[in-house]
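Below is one structure, written out as structure tokens; the observations come after it.
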Amino acid sequence: MDTALTLAWVEQAARVVAENRDHLTNLDAAIGDSDHGINLDRGFTHVLDALRQTPPQTPGGVLLTVGGTLISKVGGASGPLYGTAFRRAGKSLGDTANADMHQLSDALVAAVEGVRQLGAANPGDKTMVDALLPAVEAFAAAVEADADLVAACTAAAEAAERGSAATIPLQALKGRASYLGPRSMGHEDPGAASTALILGALATVAAEAHHA
Amino acid sequence: MDTALTLAWVEQAARVVAENRDHLTNLDAAIGDSDHGINLDRGFTHVLDALRQTPPQTPGGVLLTVGGTLISKVGGASGPLYGTAFRRAGKSLGDTANADMHQLSDALVAAVEGVRQLGAANPGDKTMVDALLPAVEAFAAAVEADADLVAACTAAAEAAERGSAATIPLQALKGRASYLGPRSMGHEDPGAASTALILGALATVAAEAHHA
Amino acid sequence: MKKLINAPQDAVTDTLRGVAAAHPELTVDVENKVITRSGGATAGKVGLVSGGGSGHEPLHGGFVGFGMLDAACPGEVFTSPVPDQMVQASRAVNGGAGVLHIVKNYTGDVLNFQMAAELVGDDGIEVASVVVNDDVAVQDSLYTAGRRGTGATVFVEKIAGARAEQGGTLAEVASIAREVNERSRSFGVALTPCTTPAAGRPGFELGEDEIELGIGIHGEPGRERVPMRSAREIAEACVLAIHQDMPLDGDLLVMVNGMGGTPQHELYIVFDAVRQTVARTGATIARTLVGNYITSLEMAGCMLTVCRLTPELTALWDAPVQTPALRWGR
Amino acid sequence: MKKLINAPQDAVTDTLRGVAAAHPELTVDVENKVITRSGGATAGKVGLVSGGGSGHEPLHGGFVGFGMLDAACPGEVFTSPVPDQMVQASRAVNGGAGVLHIVKNYTGDVLNFQMAAELVGDDGIEVASVVVNDDVAVQDSLYTAGRRGTGATVFVEKIAGARAEQGGTLAEVASIAREVNERSRSFGVALTPCTTPAAGRPGFELGEDEIELGIGIHGEPGRERVPMRSAREIAEACVLAIHQDMPLDGDLLVMVNGMGGTPQHELYIVFDAVRQTVARTGATIARTLVGNYITSLEMAGCMLTVCRLTPELTALWDAPVQTPALRWGR
Ligand SMILES: Nc1ncnc2c1ncn2[C@@H]1O[C@H](COP(=O)(O)OP(=O)(O)O)[C@@H](O)[C@H]1O
Ligand SMILES: Nc1ncnc2c1ncn2[C@@H]1O[C@H](COP(=O)(O)OP(=O)(O)O)[C@@H](O)[C@H]1O
Ligand SMILES: [Mg+2]
Ligand SMILES: [Mg+2]
Ligand SMILES: [Mg+2]
Ligand SMILES: [Mg+2]
């Protein structure tokens with residue numbers, strides 16, 4: 001994955017977040033405070049600005065800018081968590097100009113570890129971890145099986161979507177939704193849903209690049 | 001009119017005010033502040049208490065208690081105005097034990113004069129004066145024509161009702177309703193409506209006493 | 001209608017018991033509905049008495065204390081108090097220098113205070129009355145009961161209270177109160193109506209996209225119903241309504257008052273817009289108050305009140321005040 | 001949804017411009033969203049920084065001033081602020097004695113303050129953090145993110161602020177802040193939901209005859225939905241929820257806090273009922289606050305917060321404070 005593809009991913013992620021702004025906010029209305037879509041959309045709008053202002057020269061540089069901007073502009077729970085995920089991934093990539101599949105897999109592992117370290121959520125707690133962790137595992141498994149970027153990204157995106165859908169019956173144990181206790185059951189976690197969207201964006205641009 | 005009949009009037013007035021509490025309040029909602037029925041009902045409830053506590057011995061005494069209690073318990077515009085009306089009427093009757101038709105007529109004149117002096121409303125200003133003044137004039141005319149108490153009270157009550165109905169098209173020039181300007185047109189004045197009810201109560205008890 | 005009350009008819013007495021318990025610096029006669037400073041009358045000082053319907057809190061009870069009112073007479077919700085209350089309050093706060101009645105211009109308030117003044121005068125206590133009538137939404141003409149008393153009441157009570165605390169005579173205190181009233185104007189806007197506990201239904205209806213301009217403080221409809229607009233446009237409408245009636249210049253005291261149901265942060269947004277509009281008139285905002293000072297129960301909306309200051313009025317505004325709702329310098 | 005705003009995305013900056021203009025005693029960095037005392041850092045004094053989502057006004061900006069906070073960081077409406085704000089605030093108020101972060105226990109607030117503390121620490125500024133978690137409606141267990149920080153935040157900011165003003169070290173100020181938190185509990189009730197400018201729709205729905213018990217301050221649903229009841233019963237539910245968690249005894253500091261859309265007089269009615277219920281526990285209400293101190297936009301309802309005082313805490317509560325929203329003794 002080179003810098004252009006990384007930028008394309010972030011732009012596509014910004015697009016799907018904007019398109020799903022109300023959807024994500026509605027998910028958050030059910031078990032949170034009705035701002036997740038608004039938060040992420042604000043964050044990614046600033047991300048695009050920041051990338052335009054000082055275009056980074058490496059995939060890692062792009063991800064560091066994304067992470068730093070999300071931390072500085074989103075707030076809420078998702079700002080530091082997503083920000084840390086992107087920053088850890090960016091740091092993991094270092095200054096490589098074109099990340100290979102193993103480097104990408106390591107970066108994703110670093111991302112989910114950063115999220116878990118900061119937020120202390122376990123799988124099944126009904127958070128973004130429930131989408132991110134299976135996605136990272138699916139990516140690693142695909143790499144293990146010598147899959148190409150498109151296949152690995154698609155596997156990750158599908159795993160994230162399944163993981164997000166699987167949060168519906170869960171009772172939230174972390175974040176704002178946990179205050180609802182059993183009343184949090186029956187609703188999809190907004191952060192898991194946005195994780196699936198962002199990884200879906202990665203699969204989309206990988207496929208487009210492949211066909212171009 | 002003796003003390004018993006005066007007391008019967010006040011009790012009947014209290015009854016019709018209570019029955020029409022919501023109606024009067026709704027009239028006040030349209031062009032005022034939704035409290036006229038509540039105000040008068042509170043006032044007459046205290047009036048009945050006061051009359052029970054220290055039963056007055058003359059018609060004038062009854063009316064003075066009514067007026068004083070309304071002043072002390074109603075508040076708003078109608079409290080001082082109705083209170084003054086009853087007090088002036090009571091003062092006018094002095095300590096007569098049984099008011100004759102002329103004394104009653106004078107008492108009614110004193111009442112409307114008290115209201116006009118205090119509130120400075122002219123006929124046509126869309127206030128209680130628009131019910132009270134024609135009623136007082138009708139009573140006086142009936143007395144002039146040698147009518148008996150039932151006939152005179154009935155004439156007064158009917159004049160009050162006509163007068164109240166006639167406030168509907170008027171623009172209010174006094175009281176809270178005047179703030180609405182032309183928007184006050186098309187609604188019956190609550191104070192005029194309550195005046196018609198109170199004088200209707202007088203006609204009712206006069207007729208009942210006559211038939212008893 | 002959901003309200004934190006017990007029974008509608010107990011709303012005012014329950015409130016007053018709460019006020020009594022929360023404010024040891026006040027003496028509250030719950031049964032007779034009179035709030036006074038705990039110290040009793042201040043010898044030689046003019047006593048300031050105000051009152052009006054309940055539901056406008058902190059007005060008036062929240063303004064009883066050093067540098068402002070000596071007594072407040074709360075009526076039933078949105079209903080003028082009765083003369084007995086004002087008589088009792090006037091007697092309690094008369095320190096020998098007479099008593100000033102501060103009356104908002106509503107027929108009910110005026111008539112009840114008028115009756116009270118007569119009775120208090122009969123007691124040999126000197127009484128003066130100032131009628132506050134600052135609401136430019138009402139035409140002051142033969143066709144109305146005159147302008148309503150609204151936001152300027154807070155200014156009058158504060159400034160007259162400071163003058164009284166300085167030892168002003170009854171005539172001096174009354175005169176500065178009238179001056180404040182004459183130099184002050186208000187204009188209010190409602191986004192929602194409000195409901196009195198006793199009525200149980202809102203005083204008027206407002207559509208999801210309508211606002212009411214030129215409202216009063218009793219849940220009564222206003223001058224004009226218009227489509228919802230931005231805070232900036234609403235602030236502009238308020239400033240212009242006032243400016244047309246009393247051209248703004250010099251130093252201003254500006255209050256952006258919440259009607260009870262509007263978040264504080266929205267009031268700051270309105271104030272910011274007011275500031276921008278006032279700047280275009282060439283006048284200067286010298287003093288500011290942003291918050292809920294004279295409310296209409298849970299009504300959403302705001303009221304702008306402006307007083308054209310003089311150096312004397314500014315100094316009196318700045319003088320120490322120590323009441324539940326307004327406090328500085330002490 | 002009708003709100004006195006211009007555009008939803010400008011709500012916070014427009015508010016801050018209004019705050020800046022209304023309060024010359026505060027310095028407001030509108031762009032970076034940091035409110036500090038105008039004087040700058042106080043040399044040798046521990047700096048107190050708090051922050052959280054906007055929409056809870058007067059919290060926190062209204063509590064910046066002598067005897068309370070040195071800086072407040074307002075986030076977007078109901079959204080935790082970002083670390084940049086806290087870093088800037090901490091640098092601005094560090095007078096050499098270190099900085100205390102007062103953090104309400106929400107994942108977002110905790111994480112953002114945590115990141116900020118790291119960055120500030122890297123600057124060589126000593127930082128301590130106190131997490132306020134007083135809301136008994138949430139079980140503090142493995143199954144939640146822990147109790148929410150609500151009304152006790154006001155107590156912590158006031159009392160820790162007084163301790164800092166007296167010259168307490170960072171450890172001392174942090175320790176008294178934790179003590180206040182440990183001795184304080186809250187329980188809130190909503191009669192209506194509220195709507196953020198950005199969302200445009202209420203956070204939950206409530207029927208005409210329903211109330212929500214155990215609410216938070218972010219327009220989120222609470223613990224239980226029950227039929228509407230009297231102020232007395234609501235007050236009882238609040239007191240008992242607290243008493244069951246932390247048996248009440250001795251001297252209490254009691255706050256009956258309005259959520260933003262409840263008339264002041266209803267809060268007094270609730271306080272009166274609280275007083276009656278507390279009396280049955282044998283505890284004494286020694287200090288009281290009744291009003292809007294930590295709100296949820298225009299939500300109707302109230303929150304009860306109780307702190308079991310010690311003589312030291314009482315003295316610190318009584319110490320002078322001079323902020324836009326809380327002021328006495330100075
Ligand atoms: N401790 C945590 N660990 C991982 N993710 C979390 C944690 N707490 C919350 N989240 C995620 O954050 C999402 C909410 O984000 P957002 O609505 O933007 O923030 P806030 O809850 O502060 O309003 C949740 O749906 C959940 O996925
Ligand atoms: N100046 C006045 N003269 C005579 N009657 C008046 C005057 N002002 C108001 N009223 C009467 O008072 C009635 C309103 O009474 P009420 O609703 O009890 O008081 P308030 O207007 O203070 O709420 C009006 O309908 C009108 O009939
Ligand atoms: Mg959220
Ligand atoms: Mg009325
Ligand atoms: Mg009334
Ligand atoms: Mg949030």
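Lettering follows sequence order; numbering is per chain, from 1.
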Practice problem: Side-chain contact test, heavy atoms from C-beta onward, threshold under 4.5 Å: evaluate it for C:Met115 versus B:Ile71 and give yes or no. | Solution: yes
Exercise. Assess whether atom CG of C:Asp122 is packed by more than 12 heavy atoms of other residues, nucleotides or ligands within 6.0 Å.
Key: yes
Practice problem: Below 4.5 Å from any heavy atom of chain C, which atoms of B:Ala120 appear? Answer side chain, backbone, both or neither. | Solution: neither
Self-check item: Exceeds 12 heavy-atom contacts within 6.0 angstrom, atom CD of C:Gln88
Solution: yes
Quiz item: Roughly how far, to the nearest 0.5 Å, is CD1 of B:Ile31 from CZ of C:Phe204?
Solution: 16.0 Å
Self-check item: Heavy-atom proximity to chain B below 4.5 Å, by part of C:Asn112
Solution: both
Quiz item: Among C:Asp135, C:Val82, C:Asp109, who wins on heavy-atom pairs under 4.5 Å with chain B?
Solution: C:Val82
Quiz prompt | Part of C:Glu224 lying under 4.5 Å from any heavy atom of chain B | solution = backbone
Quiz prompt | Among the listed options C:Val110, C:Val87, C:Leu111, C:Val138, the residue most often paired with chain B at heavy-atom distances under 4.5 Å | solution = C:Leu111
Quiz item: Under a 4.5 Å cut-off applied to non-hydrogen side-chain atoms, are C:Gln114 and B:Leu118 in contact?
Solution: yes
Exercise. Specify the closest pair of heavy atoms between B:Ile38 and C:Ala198, including all atoms of both residues, with the distance to one decimal.
Key: CD1-CB, 3.4 Å
Quiz item: Relative to chain B, which segment of C:Arg201 carries a heavy atom at a distance below 4.5 Å: side chain, backbone, both, or neither?
Solution: side chain
Quiz item: Is C:Glu205 atom CD crowded by more than 12 heavy atoms from other residues, nucleotides or ligands, each under 6.0 Å away?
Solution: no
Self-check item: Considering all heavy atoms, the nearest C:Ala145-B:Ser178 contact
Solution: N-OG, 2.8 Å
Quiz item: Taking B:Ala30, B:Gly119, B:Gly175 one by one, which has the highest count of heavy-atom pairs under 4.5 Å against chain C?
Solution: B:Gly175
Practice problem: Taking all heavy atoms of C:Phe78 and all of B:Asp35, pick out the closest pair and write down the distance. | Solution: O-OD2, 3.4 Å
Quiz item: Where is the tightest heavy-atom contact between B:Ala77 and C:Thr107, given as atom of each residue plus distance?
Solution: CB-CG2, 3.9 Å
Quiz item: Can you tell if the side chain of B:Arg42 reaches within under 4.5 Å of the side chain of C:Thr79, non-hydrogen atoms only?
Solution: yes
Quiz prompt | Portion of C:Asn32 that has a non-hydrogen atom of chain B nearer than 4.5 angstrom | solution = neither
Self-check item: Sidechain-backbone polar pair: B:Arg183 side chain, C:Arg223 backbone, donor-acceptor under 3.5 Å
Solution: yes
